[in-house]
Amino acid sequence: MKIQFLGSSQPGLRWMMQYYRANPQLDRSRAFQSFEVAKRRICDLSPPKETYEDFSDVWEVSIQRTAFAFLYTIRADTAYIIDVRDQRGYRSAEALRSFDRELRKNYGS
Amino acid sequence: MPTATFTTRMDVDLKERLQKIAGYDRRSASFVANQAILNLVEEREATRQLVETGLMLADQGISISEGAIHAWMNGPEDAPFPEPDTFEK
């Protein structure tokens with residue numbers, strides 16, 4: 001299975017990058033290794049039994065030893081990364097909503 | 001807005017820290033706890049909205065390749081986020 005990122009993953013990816021830049025005491029390279037490992041797990045393994053919240057086709061895979069997790073869905077032979085979620089809930093709801101509005105304006109619905 | 005009582009157990013240390021912050025702001029601990037819970041709930045709801053938009057994009061087959069994201073993550077801090085480069089429908 002191949003991996004693709006959706007535009008909706010932008011705020012999560014930016015937040016994660018910003019978090020590691022703002023906290024140089026954290027081991028960024030180890031976090032990035034975990035990021036790669038989690039991606040490979042999505043490619044190589046079947047999705048977990050439990051889905052994210054009550055979505056029927058969204059799964060969550062934690063990025064080990066970080067506070068982040070991938071939310072992804074599958075279409076045919078592609079796993080689409082929807083979001084890189086901060087599991088502590090530290091992101092700004094207003095920033096997420098504002099980004100979402102912009103994305104919907106650009107891509108319909 | 002109507003309110004309801006919600007009782008929860010909390011570490012003693014956390015309760016003291018919460019009361020200290022509430023004191024600085026001249027607010028009740030209940031108000032500050034309520035704000036923290038509200039932030040968490042709103043963040044989860046906003047994430048859910050983003051997931052719904054993501055599912056719509058997946059159905060449209062509009063996405064960004066893994067390589068482009070990898071290059072962005074390893075590029076300069078002010079590099080623009082990659083534009084979609086894959087259109088599968």
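Proteins get letters first, then strands, A, B, ... in listed order; numbering begins at 1 in each.
Ion pairing between a basic and an acidic side chain is recognised when a charged N comes within 4.0 Å of a carboxylate O; Glu66(B) and Lys2(A) show no such pairing. Between Asp100(A) and Arg48(B) there is no salt bridge, since no side-chain N of the basic residue sits under 4.0 Å from a carboxylate O of the acidic one. A salt bridge does not link Glu88(B) to Arg75(A): none of the charged nitrogens lies less than 4.0 Å from a carboxylate oxygen.
Contacts with chain B were tallied for Gln18(A), Arg40(A), Met16(A), Glu94(A); Arg40(A) has the most, counting heavy-atom pairs under 4.5 Å. Contact tally against chain A (heavy-atom pairs below 4.5 Å) for Glu52(B), Glu83(B), Gln49(B), Met73(B): the top residue is Met73(B). By number of non-hydrogen pairs under 4.5 angstrom with chain A, the leading residue of Ser63(B), Ala68(B), Gly54(B), Ala46(B) is Ser63(B). For the set Ile74(A), Leu103(A), Leu71(A), Thr78(A), the count of heavy-atom pairs under 4.5 angstrom toward chain B peaks at Leu103(A). Residue with the most contacts toward chain A among Ile62(B), Leu57(B), Ile64(B), Asn39(B): Ile64(B) (heavy-atom pairs, distance under 4.5 Å).
Hydrophobic clustering (side-chain heavy atoms under 4.5 Å, transitive across Ile, Leu, Val, Met, Phe, Trp, Tyr) groups Phe32(A) together with Ile3(A). Both Phe35(A) and Trp59(A) belong to a single network of hydrophobic side chains, linked directly or stepwise wherever heavy atoms of I, L, V, M, F, W or Y lie under 4.5 Å apart. Note: the hydrophobic cluster containing Val61(A) also contains Phe68(A) (ILVMFWY, side chain heavy atoms under 4.5 Å, direct or indirect links). The hydrophobic clustering, which links ILVMFWY residues whose side-chain heavy atoms are closer than 4.5 Å, places Leu14(B) and Val32(B) together. A chain of hydrophobic side-chain contacts below 4.5 Å, direct or via other Ile, Leu, Val, Met, Phe, Trp or Tyr residues, connects Met17(A) to Phe5(A).
Within the 4.5 angstrom heavy-atom criterion, atoms from both the backbone and the side chain of Leu13(A) approach chain B. Heavy-atom distances place both the backbone and the side chain of Glu42(B) under 4.5 Å from chain A. Proximity to chain B is limited to the side chain of Arg21(A), based on heavy atoms less than 4.5 angstrom apart. For Ile69(B), the part lying near chain A is the side chain, with the backbone staying farther off; criterion is any non-hydrogen pair under 4.5 Å. Of the two parts of Arg28(A), only the side chain, counted from C-beta on, holds a non-hydrogen atom closer than 4.5 Å to a non-hydrogen atom of chain B. Only the backbone of Arg88(A) comes within less than 4.5 Å of a heavy atom in chain B; its side chain stays farther off. For a residue to count as touching a neighbouring chain, one of its non-hydrogen atoms must lie under 4.5 Å from one of that chain's; by this rule Glu77(B) touches chain A with backbone and side chain alike.
Just one residue in the list Thr47(B), Val51(B), Leu50(B) forms a side-chain contact (heavy atoms from CB on, under 4.5 Å) with Arg85(A), and that residue is Thr47(B).
Contact detail for Arg44(B) and Tyr52(A): the closest heavy-atom pair is NE-OH, 3.4 Å.
The side-chain heavy atoms of Pro84(B) and Tyr107(A), taken from C-beta on, include a pair separated by under 4.5 Å. Looking at Arg14(A) and Trp72(B), their side chains come closer than 4.5 Å, going by heavy atoms from C-beta outward. Counting heavy atoms from C-beta on, the side chains of Leu96(A) and Glu43(B) come closer than 4.5 Å.
The number of heavy-atom neighbours closer than 6.0 Å to OH of Tyr24(B), taken from other residues, nucleotides and ligands shown, is 12 or below. More than 12 heavy atoms of other residues, nucleotides or ligands sit less than 6.0 Å from atom CZ of Arg101(A).
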